[in-house]
Every structure is written in structure tokens, then in C-alpha cells.
Amino acid sequence: MVSPAIALAFIPFIITLIIRYRHYFLLFYRAVLVRRFQDYTTGVAREERAFQYVLTHAIPGDPQHVLNTFDQYCSHCEHLSNIGPHKELYICSGKILDRLIYENAPLNVLELGTYCGYATIIIAQALPLGARLYTIDFNPTKAAVAEKVIRLAGFDDDTVELLVGPSDELIPQLKDKHSVQKLDFIFMDHGKRCYLRDLKLLEELGLLQEGTIILADNVLFPGAPHFLQYIKTSGKYHCRMHRGSLEYFRYIRDAMAELTYTKLK
């Protein structure tokens, strides 16, 4: 039995802990507790609730308005793990991803982690004519929502092809089933533990060419330490870190890793 005196002695420590990590507690509240309560009371998955909001409020065929509507939902209703509007010192709407696509004009793009299709829309609206985006998500339920969001934004199968299944099973099919010989740009935003595995798989399959750009999100929070160690020590990549904040939580520090494949020197 803990004495009252000892218990009282811990109160300042607990208060300090709550103050220091209040933003993480808020993230847990919004991303976990609110979601579970809403799932229980509505019987509808969070991603489907978000789509219904977007469907009601967004202008069909207007990609930017669809993105803005997602941001409104995530800021005022429920947290979604989109790339978000706050990534490079709070520059809005996934500006790093948007800028890199515009600057490099890739023709063959791979996205790992479609989720609700938010980043997919950012990429698709910045692609040059004739380019094609292959986006992979392992979760059929979330992929079904993403499919509706992508089509609502005005992109058809000729521009965006959604593939459903484990990334390590679908990546090898890009050459055989989709005639993709080389990739110009890759955006990673799936399971952080899969970053290194899938990067090595892309290398082994010869899908990377000199100059291929890989943009990996959330490398600090929740983090991908083994991935970062590999890219910094392999000698195959030029690496640049874009430090910013977690999507919709500007006080939780995060970063995106921008890699350029150079092959072994």
C-alpha cells in the first residue's frame, strides 16, 4: 500500500509529464479515443465517415477543394493520418511533395500507402501529361474509400491505378503486369517498418534508376531509424531532411526524407 505522502510526492512529476507531453496526449485522444467512440456509436469506420463529409462538402472534379475539405475535417472533426497541410515549417497542403512532382515532372510514380487518397490527389494533380501513378495499399476497406475519393477528385484509371495488397507482393508485379521498367518518383507513407524492406526490394528488382527520387514521410515520428541508417551509410543516395511537424499537430516534430538514387560510386 502506497502511503499518501509518497503519492503526493509524485503529483508534481505527473503534472510536469502531462504539460511536457500534452500534444502527444492530445494526439492519442483525437486519433484513438475519439475514433473508437465514433466507431462504436456510428458503426461506420473513421475513413468512411471522412469520405461522407468530403462527399457532402467538396466540389466534385476539383482536386484542391477535395484536399481543403479533408483538411477541414481533420482539423475540426477527427484526426486522419494524411500527409497533411503542415509539413515544411507549416507550409500548407503537402507542399514538399507537390513541389517535387512539379519540379521533376516524373512519368512513372509509385505511392506506397494510399490510405484515404489525400497524397494521391496531390501527386496526381501535379503530374505532367502522359504520366501514370501506381498507388498501393494493403487494406481493402481503406483502399475502397481511397478509390471513391480519387474518382471524386476527377482522376480516372489512366492517371491513377490503385493496387490492393501487401507492398512486397505487388512491387514485383509492376514490371510483369504493368510494364513498368523504371520508376522516376516514389512516395513512401505506409508502414514505417516496411520502408527499408521495400526500398531494398526496389533496388533488387532494378526499378530504380540514377536520379530516381524517393520521398519518405514520418521518418522521425513515429520514425524509421533503420531506414535512415541504411540510406545514410549505403552510399547509394543523396539525402536531404525536410524538418517540420506531424500532420495537423504543429508542435509534434517530424520530418520527411528526400532521397536521390545515385547507385554505388
Side-chain angles (χ1 to χ4, degrees), residues 47 50-51 54-55 57-71 80-85 87 92-167 169-190 198 202 205 207-209 211-217 256 258:
E47 292 76 21
F51 171 70
V54 172
L55 182 63
H57 296 86
I59 301 173
D62 186 336
Q64 191 56 54
H65 198 267
V66 171
L67 294 174
N68 293 342
T69 307
F70 257 119
D71 290 335
L80 292 174
S81 298
N82 298 319
I83 187 174
K87 267 301 169 196
C92 66
S93 301
K95 203 64 177 181
I96 297 170
L97 177 60
D98 183 67
R99 174 176 58 80
L100 288 174
I101 295 293
Y102 271 115
E103 289 179 353
N104 294 278
L107 294 178
N108 288 306
V109 179
L110 173 64
E111 178 189 23
L112 298 174
T114 316
Y115 191 46
C116 289
Y118 185 102
T120 312
I121 294 173
I122 291 177
I123 297 171
Q125 69 175 348
L127 288 175
L129 289 175
R132 191 165 177 78
L133 167 60
Y134 301 90
T135 181
I136 293 175
D137 201 282
F138 80 97
N139 188 306
T141 302
K142 295 175 182 176
V145 172
E147 180 85 30
K148 293 184 287 188
V149 170
I150 293 165
R151 306 314 170 204
L152 178 67
F155 301 107
D156 58 21
D157 287 330
D158 292 333
T159 302
V160 180
E161 183 166 356
L162 175 59
L163 309 175
V164 183
S167 55
E169 294 181 10
L170 293 176
I171 288 173
Q173 298 178 15
L174 290 175
K175 280 191 173 183
D176 298 334
K177 290 189 175 182
H178 303 280
S179 302
V180 177
Q181 298 306 311
K182 299 290 182 182
L183 290 166
D184 303 305
F185 191 99
I186 299 158
F187 178 56
M188 291 184 168
D189 195 17
H190 55 326
D198 289 346
L202 289 162
L205 294 171
L207 285 166
L208 304 182
Q209 59 186 332
T212 295
I213 294 174
I214 302 104
L215 185 65
D217 198 15
M256 306 177 82
E258 177 191 342

Steps toward side-chain contact (heavy atoms from CB on, under 4.5 Å) verdict (Phe70, Val54): CA-CA 6 Å; Phe70 257 119; Val54 172; 4.0 Å; yes

Locate the shortest heavy-atom distance separating Glu47 from Cys116; write the atom from each residue and the value. CG-SG, 3.5 Å

Which distance, rounded to the nearest 0.5 Å, do you find between the CD of Glu111 and the NE2 of His190? 10.5 Å

Per side chain to side chain contact (heavy atoms under 4.5 Å, CB included), Ile186 is matched among Ile213, Leu215, Leu208 by Leu208

Looking at Tyr134, I want to see if its OH is surrounded by more than 12 non-hydrogen atoms of other residues, nucleotides or ligands under 6.0 Å. yes

Quick check for you: to the nearest 0.5 Å, what is the distance between Leu162 atom CG and Ile150 atom CD1? 5.5 Å

If we only count heavy atoms from C-beta on, is the His178 to Leu163 side-chain gap below 4.5 Å? yes

Going through the distances and angles, do Leu110 and Leu174 end up as a side-chain contact (heavy atoms from CB on, under 4.5 Å)? CA-CA 10 Å; Leu110 173 64; Leu174 290 175; 4.1 Å; yes

Taking the side chain as C-beta and beyond, is there a heavy-atom pair between Thr212 and Phe185 under 4.5 Å? no

Yes or no on side-chain hydrogen bond (donor to acceptor under 3.5 Å, both in side chains) for Asp71 and Tyr118, after CA distance, side-chain angles and deciding distance? CA-CA 10 Å; Asp71 290 335; Tyr118 185 102; 2.7 Å; yes

Could you tell me the separation between the CD1 atom of Ile122 and the CG atom of Leu100, rounded to the nearest 0.5 Å? 11.5 Å

For Leu152, which of Ile121, Asp62, Leu55, Ile59 qualifies under side chain to side chain contact (heavy atoms under 4.5 Å, CB included)? Leu55

Can Val160 and Arg151 be said to form a side-chain contact (heavy atoms from CB on, under 4.5 Å), step by step? CA-CA 9 Å; Val160 180; Arg151 306 314 170 204; 4.2 Å; yes

With a 3.5 Å distance limit and no angle check, can you tell me whether Asp137 reaches the backbone of Thr114 through a side-chain donor-acceptor pair? yes

Using side-chain heavy atoms (C-beta onward) and a distance below 4.5 Å, is Phe155 in contact with Gln125? yes

Minimal non-hydrogen separation, Ser167 against Leu112, with atom names: CB-CD2, 4.2 Å

Least distance between heavy atoms, Ala131 atom then Pro106 atom: CB-O, 3.4 Å

Interatomic distance, CG@Leu205 vs CD@Gln181, rounded to 0.5 Å, equals 11.5 Å

Nearest heavy-atom approach of Ala146 to Tyr115 is CB-O, 3.1 Å

Rounded to the nearest 0.5 Å, what separation is found between the CG atom of Asn104 and the CG atom of Asp184? 9.0 Å

Does the side chain of Val149 reach to within under 4.5 Å of the side chain of Val66, using non-hydrogen atoms? yes

Between Arg132 and Asp157, is there a side-chain N and carboxylate O pair less than 4.0 Å apart? no

Is there a side-chain contact (heavy atoms from CB on, under 4.5 Å) between Leu97 and Phe187 once you walk through the steps? CA-CA 8 Å; Leu97 177 60; Phe187 178 56; 4.2 Å; yes

Nearest 0.5 angstrom please: Lys175 NZ to Leu207 CG, how far? 5.0 Å

